[in-house]
Amino acid sequence: MNKQQTNDFDKIILTAFMVSLARQFTDIPYARELAQLLEMQGLVKLSQPQNQDKSFLLTARIEARYKAINQVIAQYQITQILELASGLLPRGLFMSSNPNIVFIESDLPKMISCKQQLIQQLVRERPNLHFIEIDAIKRPSEFWKSTPLLKAGQPVMILCEGLLTHLTLLEKQLVCANVRKILHSYGGVWITPDFIDTASLVRSQQDDSDLQKLLQTVTNLTGRSLVNNNFGTLDQARQFVYKQGFRVTEHSMLNVIDELSCLEILGIDPEAARRMLAAQSVFVLTLDAA
């Protein structure tokens with residue numbers, strides 16, 4: 001990766017702070033605590049629900065994708081987990097409370113260092129929670145950095161929540177190649193809600209006038225368009241996944257609609273949230289044996 005690309009990805013990291021602010025308006029474990037720590041360190045300024053200037057529906061999607069991933073995780077008896085671009089996600093902090101799980105958080109150097117320092121302020125050191133620097137698109141793959149923490153002969157679960165939505169098609173292909181390589185070595189699954197289509201984004205903007213403004217803010221912040229960097233239709237996303245050598249099963253985000261705490265906290269119209277989530281899924285990818 002050249003210097004310009006590194007700077008671009010450092011900009012993407014800034015979206016982790018935006019998402020963390022939205023996550024505070026949910027009942028996701030440790031979400032509020034992480035947001036408060038960010039404020040204490042002067043990294044962000046918290047807002048009250050009535051002053052929340054972000055898209056309410058985007059907050060619903062953020063909560064839905066987090067809980068939908070967790071719902072899918074629970075269907076697998078895999079205890080080795082590698083989370084790509086973990087940002088400020090609180091999943092590792094929560095799941096590592098189970099000593100039988102090895103949870104590896106990974107991100108670019110600045111982000112993973114920040115995350116590790118925040119976690120150390122919330123809990124004592126956990127021997128099963130690890131933080132490593134991995135650039136998910138780099139070739140040759142940097143996923144090898146996780147191998148000293150993984151047991152050979154046991155499957156690994158790869159998680160990716162949010163990263164792919166910012167990446168170009170070529171960058172998505174690079175991540176797929178890196179994931180494919182580690183799954184060849186260990187077996188397991190890749191769980192991600194990031195294969196999204198622009199049609200669903202357009203429909204969501206019709207229900208939430210602030211969403212278009214927020215998407216433009218993200219584009220201005222990162223220099224990357226969530227609309228331009230994703231798929232025209234969900235079927236195009238499926239075809240892309242197949243061409244990368246994966247089989248896919250889909251789990252609708254509507255499966256967690258009744259678990260969304262932000263609907264009450266922020267006064268979100270449940271039907272608007274339902275319409276937004278109707279076409280959105282978590283993909284579970286496994287290697288195509290063919």
Side-chain angles (χ1 to χ4, degrees), residues 5 8-23 54-55 57-69 72 83-89 91 106-108 111 134-138 158-179 190-205 208 210-241 244 246 248 250-253 256 273 276-285:
Q5 286 175 308
D8 287 347
F9 285 107
D10 283 341
K11 292 176 183 178
I12 293 175
I13 284 173
L14 296 175
T15 64
F17 295 91
M18 296 175 61
V19 173
S20 182
L21 285 177
R23 216 179 275 123
K54 291 181 169 58
S55 160
L57 279 182
L58 188 63
T59 301
R61 185 183 190 279
I62 288 168
E63 182 176 9
R65 75 183 186 186
Y66 183 92
K67 291 184 174 179
I69 288 172
V72 175
E83 188 166 59
L84 306 178
S86 57
L88 294 167
L89 283 162
R91 183 176 289 109
S106 70
D107 214 314
L108 298 179
M111 187 72 254
I134 289 180
D135 180 345
I137 74 164
K138 194 167 185 179
I158 310 295
L159 305 177
C160 184
E161 181 177 339
L163 172 66
L164 297 180
T165 60
H166 297 282
L167 302 184
T168 65
L169 193 65
L170 176 58
E171 290 164 345
K172 287 179 174 67
Q173 290 173 337
L174 293 173
V175 176
C176 286
N178 289 337
V179 172
W190 179 17
I191 301 173
T192 179
D194 291 357
F195 291 103
I196 64 174
D197 64 290
T198 55
S200 65
L201 285 176
V202 171
R203 287 193 297 270
S204 296
Q205 290 177 55
D208 187 346
D210 290 327
L211 182 57
Q212 185 174 5
K213 187 194 311 181
L214 181 60
L215 292 178
Q216 186 59 50
T217 298
V218 171
T219 298
N220 294 342
L221 186 67
T222 65
R224 289 166 175 264
S225 169
L226 287 175
V227 174
N228 295 341
N229 282 333
N230 286 290
F231 300 93
T233 66
L234 197 55
D235 191 55
Q236 289 178 4
R238 295 184 187 106
Q239 292 302 317
F240 173 83
V241 167
Q244 305 312 306
F246 295 98
V248 60
E250 299 173 41
H251 300 259
S252 173
M253 288 195 192
V256 298
M276 175 189 65
L277 297 176
Q280 299 188 26
S281 299
V282 173
F283 278 24
V284 178
L285 298 94

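All figures in this text were calculated on a predicted structure; none of them were measured in a lab.
- Contacts of Arg91 classified as side chain to side chain donor-acceptor pair (under 3.5 Å), with partners at least two apart in sequence or in another chain: Asn70, Glu83, Glu161.
- Side-chain contact check for Asn230 versus Asp197: every heavy-atom pair is 4.5 Å or farther apart.
- Residues that satisfy the side chain to side chain contact (heavy atoms under 4.5 Å, CB included) test with Ala278, not counting sequence neighbours, are Leu254.
- Contact detail for Ser281 and Ser252: the closest heavy-atom pair is OG-CA, 4.1 Å.
- Partner of Gln244 under the side-chain contact (heavy atoms from CB on, under 4.5 Å) criterion, chosen from Lys172, Gln239, Gln173: Gln173.
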Pair Arg23, Leu89 - check side-chain contact (heavy atoms from CB on, under 4.5 Å), show working. CA-CA 9 Å; Arg23 216 179 275 123; Leu89 283 162; 3.4 Å; yes
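- In this structure, the side chain to side chain donor-acceptor pair (under 3.5 Å) partners of Thr168, at least two apart in sequence or on a different chain, are Glu171.
- Between Ile62 and Ala22, the shortest heavy-atom contact is CD1-CB, 3.8 Å.
- A side-chain contact (heavy atoms from CB on, under 4.5 Å) with Phe195 is found for one member of Leu234, Leu164, Val282 and no other, namely Leu164.
- Nearest heavy-atom pair, Cys176 versus Phe246, reported as atom, atom and distance to 0.1 Å: O-CZ, 3.6 Å.
- Taking both residues in full, the closest heavy atoms of Pro193 and Cys160 are given as CD-O, 3.2 Å, listed atom of the first, atom of the second, then distance.
- Remark: Ala64 pairs with Met253, Val256, Leu260, Leu277 by the side chain to side chain contact (heavy atoms under 4.5 Å, CB included) rule, at least two apart or across chains.
- Residues passing the side chain to side chain donor-acceptor pair (under 3.5 Å) test with Ser86, sequence neighbours excluded: Glu105.
- With sequence neighbours excluded, the residues that form a side chain to side chain donor-acceptor pair (under 3.5 Å) with Glu250 are Arg238.
- Tyr66 is not listed as a side-chain neighbour of Val19, based on a closest heavy-atom distance of 4.5 Å or more.
- Within the 4.5 Å cutoff, side-chain heavy atoms of Ile196 are placed close to those of Arg61.
- To the nearest 0.5 Å, atoms CG (Leu163) and CD1 (Ile137) are separated by 8.5 Å.
- Side-chain contact between Asp194 and Leu167 is absent, with no heavy atoms from C-beta onward closer than 4.5 Å.
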Evaluate the side-chain contact (heavy atoms from CB on, under 4.5 Å) criterion for residues Leu84 and Thr192: first the C-alpha distance (whole Å), next the side-chain angles of each, then the deciding distance (0.1 Å), finally the verdict. CA-CA 10 Å; Leu84 306 178; Thr192 179; over 6 Å; no
